[in-house]
2 protein chains.
Amino acid sequence: MAQPDESPDDRTGPIVEDLVLGSLIGYRLKRAYMRIQPEAQRVLAEDDLRVVSFSCLSIIADNPGIVQAELAQALQMERSNLVVIIDELEDRGLITRTKVPTDRRRYALGVTLRGHHLRDRAAQNIREAEDAVFGRLDEDDRATLIAALLRLEGRATA
Amino acid sequence: MAQPDESPDDRTGPIVEDLVLGSLIGYRLKRAYMRIQPEAQRVLAEDDLRVVSFSCLSIIADNPGIVQAELAQALQMERSNLVVIIDELEDRGLITRTKVPTDRRRYALGVTLRGHHLRDRAAQNIREAEDAVFGRLDEDDRATLIAALLRLEGRATA
DNA sequence: CGTTTATTGTTATTGACTATAACCATTATT
DNA sequence: AATAATGGTTATAGTCAATAACAATAAACG
């Protein structure tokens with residue numbers, strides 16, 4: 001009754017044809033993302049981080065002094081949805097908020113030492129999760145893949 | 001105040017560093033997907049289809065006789081969430097549901113002629129949207145990209 | 001100047017989508 | 001025959017993104 005080839009962790013299940021859908025880049029992107037997303041979520045949860053929290057923490061770490069509106073634009077999310085995330089990161093002592101002297105509407109964001117350590121550790125965990133899910137890629141393959149995805153984003157290197 | 005290079009449809013905005021986050025495959029997949037998803041949504045909406053409805057329609061078209069549980073597994077979604085989608089596709093006369101004689105719990109799904117035409121047209125629209133967003137790729141490049149994404153999914157060709 | 005317009009961070013709310021649990025009918029297992 | 005498992009269904013809860021409105025502040029402009 002089952003398909004001939006079914007292993008315990010079978011991901012494919014019964015063979016289903018997807019000639020049209022499967023040749024769409026958007027569909028393939030989503031499917032690939034669906035493979036890594038739960039794993040990233042899982043490893044980040046060990047540090048009580050959500051994917052979006054980690055993204056914020058990481059961008060702030062690499063852009064000290066960035067303000068919320070810029071961060072929101074960088075992550076393509078709404079300013080309003082950032083607030084609770086920033087609040088929590090600050091409450092946990094992972095980031096700092098300091099008023100910009102020249103513009104009192106804005107808060108300059110920065111990561112604390114703890115925040116930086118957590119970011120680095122979480123990033124390492126995600127990389128290892130990606131290796132586990134996608135299979136280890138050497139640096140060249142990884143760079144090629146990233147470049148291809150950047151090209152899709154319209155951020156071509158050349 | 002603004003960065004030196006800002007065009008009307010500027011996607012990058014002020015240059016924000018993302019050395020760590022940006023080198024994660026998962027993040028790059030998500031970003032690439034975020035570029036095409038709204039456009040796919042938009043072109044499908046012209047035919048009163050959602051992305052998930054189109055996906056169902058397309059899988060059914062390529063797998064006549066498939067039942068809901070199989071379809072749910074193929075699209076990695078919950079059976080329960082499929083019901084309303086299938087209902088609507090049937091109400092619109094795009095698919096048919098016929099009881100399986102040998103197992104009266106199951107409904108064999110199939111697409112009507114109208115459904116098939118709609119599927120083909122919608123697929124073509126999405127392809128054109130992908131070309132517009134990602135830049136036209138020749139068949140070789142497209143195949144290479146699809147193969148790379150399939151490899152990430154653990155569905156390597158070789 | 002002074003008035004108007006725009007921006008930033010914020011709150012509250014809404015809608016869309018996903019996951020979960022429970023249920024009945026039917027089939028498989030034993 | 002009794003029990004367990006499966007398919008479709010319904011209802012519900014939780015998660016997340018999008019929107020609108022607002023006060024404080026700054027920018028634009030007469």
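Proteins come first, then strands; the chains are lettered A, B, ... in the order of their sequence lines, and each starts at number 1.
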Report summary line: To the nearest angstrom, the CD-C1' distance between A:Gln37 and C:dT18 comes to 12 Å

Report summary line: Contacts of A:Val100 and A:Arg50 projected onto DNA chain D by closest heavy atom; the upstream (5') one is A:Arg50

Query - Phosphate contact (C:dA19 OP1 or OP2) by B:Arg79 side-chain N/O below 4.0 Å - result: no

Requested in this report: Inspect the contact between A:Arg136 and A:Glu130 and indicate whether a charged nitrogen and a carboxylate oxygen are less than 4.0 angstrom apart.
Outcome: no

Report summary line: From CD1 of B:Ile66 across to P of D:dG8 the rounded distance in Å is 10 Å

Query - Side-chain (B:Ser53) to main-chain (B:Leu49) donor-acceptor, under 3.5 angstrom - result: no

Query raised in the report: Base, sugar-phosphate, or nothing: which does B:Val52 touch, judged by heavy atoms less than 4.0 Å apart?
Result: nothing

Report task. In whole angstrom, give the distance that lies between atom CE of B:Met34 and atom P of D:dA18. Result -> 8 Å

Report summary line: Judged by nearest nucleotide, the residue sitting upstream toward the 5' end of DNA chain C, A:Val67 or B:Glu78, is A:Val67

Requested in this report: Answer yes or no: side-chain N or O of A:Ser80 and base N or O of D:dT19 forming a donor-acceptor pair under 3.5 Å.
Outcome: yes

Query raised in the report: Has A:Arg106 got a side-chain N or O lying under 4.0 Å from the OP1 or OP2 atom of D:dT25?
Result: no

Query - Electrostatic pair A:Asp47:A:Arg92 at N-O distance under 4.0 angstrom - result: no

Query raised in the report: With a 4.0 Å cut-off, would you call B:Arg151 and A:Asp141 a salt bridge?
Result: no

Report task. Select base, sugar-phosphate, or nothing to describe what B:Asp103 touches, counting heavy atoms under 4.0 Å on all strands. Result -> sugar-phosphate

Query raised in the report: B:Arg31 and A:Gln76: side-chain donor and acceptor closer than 3.5 Å?
Result: yes

Query raised in the report: Please give, in whole Å, the distance from D:dG8 C1' to B:Ile85 CD1?
Result: 14 Å

Query - Check ion pair A:Glu90-A:Arg97 (N to O, under 4.0 angstrom) - result: yes

Query raised in the report: To the side chain of B:Asp87, which of D:dT10, D:dG7, D:dA26 is closest?
Result: D:dT10

Requested in this report: Could you check how far NZ of B:Lys99 sits from C1' of D:dG8, rounded to whole Å?
Outcome: 10 Å

Query raised in the report: To the nearest angstrom, how far is A:Leu82 atom CG from D:dA18 atom C1'?
Result: 14 Å

Requested in this report: Mind calculating the distance between CD1 (B:Ile86) and C1' (D:dG7) to the nearest angstrom?
Outcome: 13 Å

Query raised in the report: D:dT6 base to B:Arg105 side chain: any donor-acceptor pair below 3.5 Å?
Result: yes

Query raised in the report: Between C:dT18, D:dG8, D:dT19, which one does the side chain of B:Tyr107 approach most closely?
Result: D:dG8

Query - Side-chain N or O of B:Arg97 closer than 4.0 Å to phosphate OP1/OP2 of D:dT9 - result: yes

Query raised in the report: B:Leu109 has an atom CG; how far is it from atom P of D:dG7, in whole Å?
Result: 13 Å

Query raised in the report: Hey, is the side chain of A:Gln68 poking within less than 4.0 Å of OP1 or OP2 on C:dT7, counting only N and O atoms?
Result: no

Query - Shortest side-chain distance from B:Arg104, nucleotide among D:dT19, D:dG8, C:dT27 - result: C:dT27

